[in-house]
Amino acid sequence: MSYEFFISLRYLKAKRKQAFISLITWISIGGVAVGVTALIVVISVMGGMQEDLRNKILGTNSHVIVLSNEGGITKHQEIIKKIEGVPHVVSASPFIFNQVMLTSHSSVSGVAIRGIDPDMEAKVTDLANRIKEGGLQFLKTPQKREGEEISVEGIVIGKDLARNLAVFLGDTIDVVSPFGRVTPMGTAPKVEKFRVVGIFNTGMYEYDSSLALISIPAAQRFFNMTDMVTGIEIKVDDIYAADSVADKIHTMLGFPYWTRDWMEMNKNLFSALKLEKFGMFVILILIIVVAAFNIIGTLIMMVMEKGRDIAILKSMGATDRSIMKIFIMEGLIIGIAGTIIGCIGGYTLCELLDKYHFIKLPSDVYQLDTLPVKMNPLDFLYISLSAIIISFIATIYPSWNASRLDPAEALRYE
């Protein structure tokens, strides 16, 4: 142990004539600890929110989609075989997408309707695991209740949409297409009955309130698409390689086909979250800056109190650099102690939030029903380094001031 470090520890532990300095020291440690704790909790929550949203989006949608400038894709099975040969592609499935109105006995709602293959859909999205009642397999064959004369096609809707329409599993709803048929009285909307055979819950209000699923044959017949589909959805083994996979598929298929990956489709959302996370880091780092002013005040008062000790050390041969090191180390000990306490406090709070979910959120506002948490070791590292660097900067002026003390002047009246 260097003598500078030994003296700095003694100064921190020694009983001083002015107890107020000890109080300020503890306040400085507490300020750094509170700032680090707040930063860790907020950054972990922001990271958890970003990951939760990404998982929910990718659980409902595929990683890459292939579309056509011609408005639809024919011979999609041949194209799927070509796509499945591209590296990193796990599976592919056709889909049909359109906008319709759903009407029940008590309500009306505009939704996005997606035609899917129930068997292949489970390979590209996680929707099959989000079904809370019923199942996607009931979309394969028309459903018929006892006492009914005809069978009707099945439909799977979100839990919030079911609540808005006041329907339950087994109820029938009318699907109204804006692309109707021409009659002598003008264009009439096309209406067809569907039976609710499943209710899913993604945890994201945007999907749970405005998405419905039907089979591809039912969608083709309803929208008069013959054997055409809107596009092909693709799952890849690495979500962060989706853009490069999309480029390869686009190059392979050529015109009139084009691709979009999940990062491109949700670019605005994730860019906003990333910017918000950085903004919160900058704002909350000010808490540590305020604590650093306490460190400055503590060291300045300590220099004033230890003026005689500094003069004696200089008389014994201590250099200006050694005196600076003593007070820099003292300030760093305060900063490091506060950082360690803050990291422990932040980790504990994050664990409690993640385990007990005692903070609830309105899902229709935040797209989440609980406060998610994701602790990243790199975030802990960056926050700790930031706190220690700020603490170090705060020690420079008081330490430099102590090193300039004239021994003769300090001992003159002793």
Side-chain angles (χ1 to χ4, degrees), residues 5 8-9 12 24-58 203 238-240 263 266 269-296 298-299 328-361 366-396:
F5 184 60
S8 64
L9 282 176
L12 281 172
I24 295 296
T25 301
W26 285 107
I27 290 173
S28 302
I29 293 173
V32 175
V34 169
V36 170
T37 299
L39 261 174
I40 287 174
V41 172
V42 171
I43 297 301
S44 297
V45 168
M46 294 295 295
M49 186 173 293
Q50 185 171 344
E51 183 183 52
D52 191 78
L53 279 174
R54 185 180 67 239
N55 291 340
K56 287 176 178 177
I57 289 171
L58 294 182
D238 181 5
I239 61 173
Y240 298 107
M263 290 180 281
N266 301 281
L269 174 62
F270 289 106
S271 296
L273 286 173
K274 188 175 181 180
L275 181 62
E276 187 177 1
K277 185 177 180 180
F278 177 75
M280 293 302 295
F281 179 86
V282 172
I283 292 170
L284 290 174
I285 205 77
L286 294 177
I287 299 175
I288 301 176
V289 173
V290 171
F293 280 104
N294 286 334
I295 295 175
I296 295 173
T298 301
L299 293 180
I328 286 175
M329 287 179 178
E330 191 167 348
L332 280 176
I333 290 170
I334 293 172
I336 292 170
T339 301
I340 292 172
I341 294 170
C343 286
I344 294 171
Y347 178 83
T348 303
L349 276 176
C350 288
E351 281 289 332
L352 292 173
L353 277 171
D354 190 41
K355 185 175 181 179
Y356 296 106
H357 300 290
F358 48 81
I359 297 180
K360 301 293 183 181
L361 301 173
Y366 295 101
Q367 309 293 342
L368 306 164
D369 47 13
T370 60
L371 203 60
V373 175
K374 182 190 178 184
M375 288 180 281
N376 188 342
L378 282 177
D379 290 337
F380 276 72
L381 178 64
Y382 294 148
I383 291 168
S384 300
L385 286 176
S386 299
I388 293 170
I389 290 170
I390 291 172
S391 300
F392 170 73
I393 293 171
T395 65
I396 292 175

Report summary line: For Ser386, the side-chain contact (heavy atoms from CB on, under 4.5 Å) test, sequence neighbours excluded, returns Phe281, Ile285
Report summary line: Value for CD1 (Ile328) from OG1 (Thr395), rounded to nearest 0.5 Å, stands at 4.5 Å
Query - Sequence-distant partners of Tyr347, side chain to side chain donor-acceptor pair (under 3.5 Å), two or more places apart - result: Glu351
Report task. To the nearest 0.5 angstrom, please state how far the CD1 atom of Ile383 sits from the CG atom of Leu39. Result -> 5.0 Å
Query - CD1 on Ile29 to OG1 on Thr339, rounded to 0.5 Å - result: 10.5 Å
**Report entry** Test side-chain contact (heavy atoms from CB on, under 4.5 Å) applied to Ile296 - qualifying residues, sequence neighbours left out
**Finding:** Phe293, Ile300, Ala394, Pro398
Query raised in the report: Looking at Cys343 and Val36, what are the two nearest heavy atoms and their distance?
Result: N-CG1, 3.7 Å
Query raised in the report: Can you list every side chain to side chain donor-acceptor pair (under 3.5 Å) pair that touches residues 29-41, not counting sequence neighbours?
Result: none
Query - Shortest non-hydrogen contact from Gly335 toward Val32 - result: O-CG1, 3.7 Å
Report task. With sequence neighbours excluded, tell me which residues meet side chain to side chain donor-acceptor pair (under 3.5 Å) with Tyr356. Result -> none
Requested in this report: Provide the closest heavy-atom pair for Ser391 versus Gly331 in the form atom of the first, atom of the second, distance.
Outcome: CB-O, 4.4 Å
Query raised in the report: Looking only at heavy atoms, what is the nearest atom pair of Ser8 and Ile333, with distance?
Result: OG-CD1, 4.0 Å
Review item, side-chain donor-acceptor pairs of residues 269-277, under 3.5 Å, at least two apart:
from: Ser271; atom 1: OG; to: Lys267; atom 2: O; distance (Å): 2.8

Requested in this report: Scan residues 281-296 for pairs that pass side chain to side chain donor-acceptor pair (under 3.5 Å), counting only residues two or more places apart or in two chains.
Outcome: none
Query raised in the report: Under the side chain to side chain contact (heavy atoms under 4.5 Å, CB included) criterion, do Val290 and Leu286 qualify, and how do the steps go?
Result: CA-CA 6 Å; Val290 171; Leu286 294 177; 5.5 Å; no
Query raised in the report: Sequence neighbours excluded, which residues qualify as salt bridge (Lys or Arg N to Asp or Glu O under 4.0 Å) partners of Asp354?
Result: none
Report task. Heavy atoms only: give me the nearest Ile287-Gly35 pair and the separation to one decimal. Result -> CG2-CA, 3.4 Å
Please table the atom pairs, donor to acceptor, closer than 3.5 Å between any side-chain atom in residues 40-51 and protein atoms at least two apart or in another chain.
from: Ser44; atom 1: OG; to: Ile40; atom 2: O; distance (Å): 2.7

Query raised in the report: Can you find a heavy atom in the side chain of Ile295 that is under 4.5 Å from one in the side chain of Leu299?
Result: yes
Report summary line: By side-chain contact (heavy atoms from CB on, under 4.5 Å), Ile396 pairs with (sequence neighbours left out) Phe392
Report summary line: d(Ile57 CD1, Asp52 CG) to nearest 0.5 Å is 10.0 Å
Report task. Quick one: closest heavy-atom pair of Gly31 and Ala291, and the distance? Result -> C-CB, 3.4 Å
Query - Ile393: partners by side-chain contact (heavy atoms from CB on, under 4.5 Å), with sequence neighbours left out - result: Ile389
Report task. Kindly indicate whether the side chain of Leu53, heavy atoms from C-beta on, has any atom under 4.5 Å from the side chain of Asn266. Result -> no
Please list every donor-acceptor pair under 3.5 Å in which a side-chain atom of residues 371-378 meets a protein atom from a residue at least two apart or in another chain.
from: Asn376; atom 1: OD1; to: Leu378; atom 2: N; distance (Å): 3.1

